[in-house]
Amino acid sequence: MGQLLLHNLRIIDPFGEREFLEHASILIEDEVIKFIGRGFSHVGFEGQILDMEGKTVLPGIINAHTHLYSTLAMGMHPPQKTPKNFVEHLEEVWWKLDRGLDRASMLASFEAGLMDCIQNGTTTIIDHHASPNLVEGSLDILAAVAKSFGVNISLCFESSDRNGEANFKDELAENIRAIKKYTSNPHISPRLGLHASFTLSDESLESVSKALKDFPDCGIHIHVAEDLADEKDAQARGYRSVIQRLDDFNLLSNQSLIIHGIFMTREDRHILLKHGCKLVHNPTSNANNQVGVLETEIIESMGPGLGTDGMQNNMLKEAKEGTLVRGATESPRVDYLELLFQNNPDIAVKIFGKLIGHIEEEAQADLVFYDYEPRTELNADNYSSHLLFGLGKPSDVMTRGRFRLRSKKLVGMDESQIRENSRKQSKRLWSAMKAL
Ligand SMILES: [Zn+2]
C-alpha cells in the first residue's frame with residue numbers, strides 16, 4: 001500500500017497526544033499513521049491526497065465487551081414464562097437464543113452485527129461468544145467475518161457447565177484451538193472464555209487452570225458478580241467471593257478481562273489491582289437487567305473499560321446513556337469519555353499488542369470521520385458535549401488505512417443483502433427458540 005494524505009480535518013482524540021487539532025493532515029503508510037499536523041509539505045509528495053472537507057475525525061472506537069451472537073435478538077418475542085429474577089432471565093431468553101443458533105443464523109448475526117459496528121465507527125470489538133449447539137469452528141466463522149469487515153476482533157467461547165460436561169469440554173477445546181490458531185495474527189486477540197463462576201464447577205475451573213498454564217500471554221474473559229446470585233453461588237461453594245474463587249484457581253493475570261463486577265467487595269478490587277486485571281463496565285446492559293449501577297468508587301479505583309454487553313454497537317451512545325443512567329441515581333461524576341477514549345485503548349493495546357485507539361504516529365490507521373456542522377461553538381474546551389450529544393453517525397470509517405465505509409456506504413459489501421438475510425435468519429432463530 002502506498003502513501004495516503006488526508007487533509008483538512010478536525011482531529012479529536014480526547015486522551016491522545018493531540019486532543020484537539022483543526023485544519024490538520026494525517027499521513028498514512030502501510031496501514032499505519034506516519035504524520036499528524038498542520039505543516040506537511042506537499043512538495044514532491046507522490047502519494048494519494050484526499051481533501052476531507054473539514055470532517056471531524058475520531059480514533060477508531062473500541063467496544064470492550066459484547067456478544068455478536070445476540071445481534072438477531074432485536075424484536076424477538078417475549079419469553080413464554082416470565083422471568084422472576086436475573087438467572088431466570090438468562091434461562092428463558094439468552095440461553096435459549098444461544099442454543100437456537102445454527103451455522104446460518106450465527107453467520108447472519110456476525111455479519112449484521114459487524115456491519116452495524118462499522119456504520120457506528122466501532123472498529124475494535126472484544127467479543128464473548130456462545131453457540132452451544134455449534135461449538136467447534138464457531139470462532140473461525142467469527143474470525144472470517146471480522147476479516148471481511150477489516151475490524152480488530154478479540155474472540156473467545158463462553159465455556160460453561162450449563163449444557164453438561166461434554167459440552168463444557170468441547171467449549172474449552174474450542175478456546176484452546178482458537179488460541180493456538182490466532183495468537184500470532186495481529187488483528188485477532190484470542191482469549192480463554194468463561195461464562196460466569198456460577199455456571200462452572202470446581203472441576204471445570206481446575207481444567208481451565210491447567211489449560212491456561214500453556215498460554216501465559218492469554219487471559220480469561222468472564223462475567224463476574226453481574227448479579228448477587230453469582231456471589232451467593234461462590235459463597236455456597238465455600239469461597240469468600242467470585243474473585244477469591246478465580247484467584248484460588250490461579251485464573252487471574254494482567255491479561256484477564258473481568259466483566260461487570262457490580263457486587264465486588266473492596267478486597268476483590270485489591271485482588272484485581274494486584275494482578276493488573278482489567279474491569280469492563282456495561283451501563284446500558286446493567287440498567288436493562290435491573291442489576292444496579294456500578295459504584296462510582298469502583299470506577300474511580302479500577303479505571304474500567306466500556307462495553308455494551310450486546311445492547312448496541314454505537315459506543316458514543318453507550319457513553320451518553322451511561323452518563324444519563326448514572327445521573328438518574330447519583331451524582332454523575334464519572335467521565336464516560338475517559339472510559340471510552342482512554343481505558344478502552346489501554347485494554348486494546350494490552351491484549352492486541354499494538355497501538356490502536358489513538359490518532360498518533362505509529363498507531364494503526366483506524367479512523368472515524370463525521371460530517372459535523374456544530375450549531376454552537378466547538379473548541380478544545382467543550383468538545384465533550386459535542387461528542388456525547390451532537391455527532392450522530394459517521395460518514396466514513398477507515399481501518400488499517402482502507403475505507404470500509406465511504407459516504408455512509410459500505411465498501412465492498414452488499415448492505416441490503418446482509419440485512420435481507422439477517423431478517424430471514426432472525427425468523428428461523430426465533431422459531432427454533434420456541435421449540436426449546
Ligand atoms: Zn456479557
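Counting starts at 1 for both ligands and their atoms, following the listed order.
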Geometric class of the His386/Tyr372 ring pair [parallel <30°, tilted 30-60°, perpendicular >60°]: perpendicular
Judged by modelled atom types alone, do Asp161 and Ser201 share a side-chain donor-acceptor pair under 3.5 Å? yes
Parallel under 30°, tilted from 30 to 60°, perpendicular over 60°: which one fits the rings of His128 and His221? parallel
Considering the options Trp94, Phe168, Trp95, which one meets the ring-ring contact (aromatic ring centres under 6.0 Å, His included) requirement together with His195? Trp95
At a cut-off of 2.8 Å, list the protein N/O/S atoms near the Zn ion (ligand 1), residue plus atom name. His65 NE2, His67 NE2, His223 NE2, Asp309 OD1
Assess whether a salt bridge exists between Arg162 and Glu91, defined as any Lys/Arg side-chain N lying under 4.0 Å from an Asp/Glu carboxylate O. no
Measuring from atom OG of Ser138 to atom CG of Leu155, what distance do you get when rounded to the nearest 0.5 angstrom? 9.0 Å
